[in-house]
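A short write-up of the structure that comes next.
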Amino acid sequence: MERDNKSSGLNIHIVAINLIILLAYTGFLKFYDANEFNFIIDALLIFFQFMGCILSVGIFGKFRKEFILSSVLVLLIGFSTCYLSIR
């Protein structure tokens, strides 16, 4: 029996959309509104996006792996940019 690759692999579109959202508000805060306290707003937005991904795991159980991967990437990439903006 042949297996359908679309059903067995990751739906990378969900991960890409979450990373684009992260890039959009981080870039906006970095380049458009240059304030020394933007890292606080950025950290809050990252936290809300992380919680949205975690809640989406429960709502969209079919895409559980994609939302877990998205939440981990948002935490790693997002808070590392917050840390680098403080230094």
I46 with L23, same ILVMFWY side-chain cluster at under 4.5 Å: no

Just by modelled atom types, is the T26 backbone N or O under 3.5 Å from a matching donor or acceptor in the D42 side chain? no

Identify whether V15 and F48 are in the same connected component of the hydrophobic contact network (ILVMFWY, side-chain heavy atoms under 4.5 Å). yes

Separation between CG (L55) and OG (S71), nearest 0.5 Å, reads 10.5 Å

Any donor and acceptor pair, going by atom type alone, linking the side chain of Q49 with main-chain N or O of V74 inside 3.5 Å? no

Interatomic spacing from CG in L75 to OG in S70 - rounded to 0.5 Å: 11.0 Å

Within one Ile-Leu-Val-Met-Phe-Trp-Tyr cluster: F47 and I68, side-chain cutoff 4.5 Å: no

Atom pair CZ (F39) and CZ (F79), whose distance is rounded to the nearest 0.5 Å: 12.0 Å

F67 vs I59 side-chain heavy atoms within contact, under 4.5 Å: no

Gap separating the CG atom of N38 from the OH atom of Y25, nearest 0.5 angstrom: 13.0 Å

Cluster link I17 to V57, ILVMFWY, side chain under 4.5 Å: no

Indicate if I20 and I12 have the same hydrophobic cluster label, given that clusters are the connected sets of ILVMFWY residues with side-chain heavy-atom separations under 4.5 angstrom. no

With the side chain counted from C-beta on, respond yes when I14 and N11 share a heavy-atom pair under 4.5 Å apart, and no when they do not. yes

Quick one: CZ on F63 to CG on L69, what's the gap to the nearest 0.5 Å? 14.0 Å

Between L22 and L73, is there a side-chain heavy-atom distance shorter than 4.5 Å? no

